[in-house]
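Values below: all heavy atoms of this structure, side chains included; hydrogens, waters and symmetry mates excluded. Every chain is numbered from 1, with letters handed out A, B, ... down the list of sequences.
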Protein chains: 2
Amino acid sequence: MKYVEKLRNSGLRPTKQRLQICEVLFNTEKTFHFTINELEQKIKKQANNKISLATVYNTVHAFEKKGYLKQIPINSSETYFDTNVTDHHHFYDLKEEKLIDLDNSDVGPINILKKINGKKIKSVEVLVKLED
Amino acid sequence: MKYVEKLRNSGLRPTKQRLQICEVLFNTEKTFHFTINELEQKIKKQANNKISLATVYNTVHAFEKKGYLKQIPINSSETYFDTNVTDHHHFYDLKEEKLIDLDNSDVGPINILKKINGKKIKSVEVLVKLED
DNA sequence: ATCGCAGTTTATAATGATTCTAAAAAAGTG
DNA sequence: CACTTTTTTAGAATCATTATAAACTGCGAT
Ligand SMILES: [Mn+2]
Ligand SMILES: [Mn+2]
Ligand SMILES: [Zn+2]
Ligand SMILES: [Zn+2]
């Protein structure tokens, strides 16, 4: 399995459930955005067996902590995750409630002039809300 | 009362509760960020009488709809609101879980090059996460 | 291979922010 | 005041997420 190493190197045991979730999340051409519920549906369909919801949450949080996923800050009732962990930005289509990637090259360089004492910048994220 | 007109002009009846919440939210030098629970505490202390939690929610949402407040997209269990409704950006101090304003002038001009067919840009918000 | 243990999964319960409900109170109108 | 509409309210409901604790599994040591 191609994800066994990845998991072992992260100190995560390559369990059947984690490997299945890896397939769904990472074995694709394109990266994508998802909620936990969307992921659960995808697993059920693509791997056609169910993984406990608690395990899906646990795994997503474990992967996030290891840097394989990131959370997108959106005002939505459900948390959105992204399999694209490179620095990039987002459109948020308010009507469709869908995220669309915005490459760094689609946004001019962002220069934060203000400094906060004793703190360093961890990330800079732009959210562009879209309406009709 | 200085907020009676403001409410009437928005089609909101100037009730005792709304006026009290106006005092807490808008009768200050500086704008600020808050969660519903922080606002409830502030009301209890500053106006020393309690307003039903449902009313605080109702009022905050009514004010948001009228454009007197805005919601800040953050990954937090509680929703954050802002009494500063001008276009501006935010630092988010991950350890303190506090928002700090970033003026437009503290961030270079942002130019979104990508266009989405049939959609227009409603807002552009930058979130800068801070760590130690 | 077997043992033993820490790590993981799971069903289910608990939590907690937010929303809903429907009855009582207050505001606006004349 | 009498009447209508809006608002407030306490409490219940909702629902995404997290906690629990028992069963299971991966894996290194014997
Ligand atoms: Mn989370
Ligand atoms: Mn809300
Ligand atoms: Zn993305
Ligand atoms: Zn602000």
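- If you check every strand for non-hydrogen atoms under 4.0 Å, B:Thr15 touches sugar and phosphate atoms only.
- Rounded to whole Å, the distance from NZ on A:Lys65 to P on C:dT8 is 11 Å.
- Close to D:dT18, at under 4.0 Å from its OP1 or OP2, lies no side-chain N or O of A:Tyr57.
- Between B:His61 and C:dT19 there is a side-chain N or O to OP1 or OP2 distance below 4.0 Å.
- Nucleic acid contact class of B:Thr55 (heavy atoms, under 4.0 Å, all strands): base.
- Going from atom CZ of B:Phe81 over to atom C1' of C:dA17 covers 11 Å, rounded to whole Å.
- When distances run from any side-chain atom of A:Asn58 to the nucleotides D:dT8, C:dG7, C:dT10, the shortest one goes to C:dT10.
- Along DNA chain C, the nucleotide nearest B:Ser77 and the nucleotide nearest B:Gln17 are compared for position; the residue whose nucleotide lies closer to the 5' end is B:Ser77.
- The pair B:Lys119-A:Asp132 meets the salt-bridge criterion, since a charged nitrogen lies less than 4.0 angstrom from a carboxylate oxygen.
- Within the 4.0 Å cut-off from OP1 or OP2 of D:dA16, not a single side-chain nitrogen or oxygen of A:Thr35 is found.
- The nearest heavy atom of DNA chain C to B:Ala54 and to B:Lys16 marks one nucleotide each, and the one closer to the 5' end goes with B:Ala54.
- Checking the phosphate oxygens (OP1, OP2) of C:dG28, a side-chain nitrogen or oxygen of B:Arg8 falls inside 4.0 Å.
- Distances shorter than 4.0 Å separate none of the side-chain N or O atoms of B:Arg13 from OP1 or OP2 on D:dT5.
- For B:Ser52 and D:dT8, the shortest distance from a side-chain N or O to OP1 or OP2 is not below 4.0 Å.
- Atoms CZ (B:Phe63) and P (D:dT7) sit 11 Å apart, rounded to a whole Å.
- Rounded to whole Å, atom C1' of C:dT19 lies 12 Å from atom CD1 of B:Ile36.
- Contact between A:Ile72 and A:Phe81 at its shortest, heavy atoms only, is CG1-C, 4.4 Å.
- In this entry the distance linking CD1 of B:Ile74 with C1' of C:dA17 reads 17 Å, nearest Å.
- Residue A:Lys114 places its NZ atom among more than 12 non-hydrogen atoms of other residues, nucleotides or ligands, all under 6.0 Å distant.
- A:Tyr68 approaches A:Phe26 most closely through the heavy-atom pair O-CE2, 3.5 Å.
- One can place CG of A:Leu19 at 14 Å from C1' of C:dT9, the figure rounded to the nearest angstrom.
- At whole-Å resolution of the value, CG in A:Asn37 and C1' in D:dC15 are 10 Å apart.
- Mapping B:Leu53 and B:Arg18 onto DNA chain D by nearest heavy atom places B:Arg18 at the nucleotide closer to the 5' end.
- One hydrophobic cluster holds both A:Phe91 and A:Val126 under the rule that ILVMFWY side chains link at heavy-atom gaps under 4.5 Å.
- Atom CD of B:Gln20 is separated from atom C1' of D:dT9 by 15 Å (rounded to the nearest Å).
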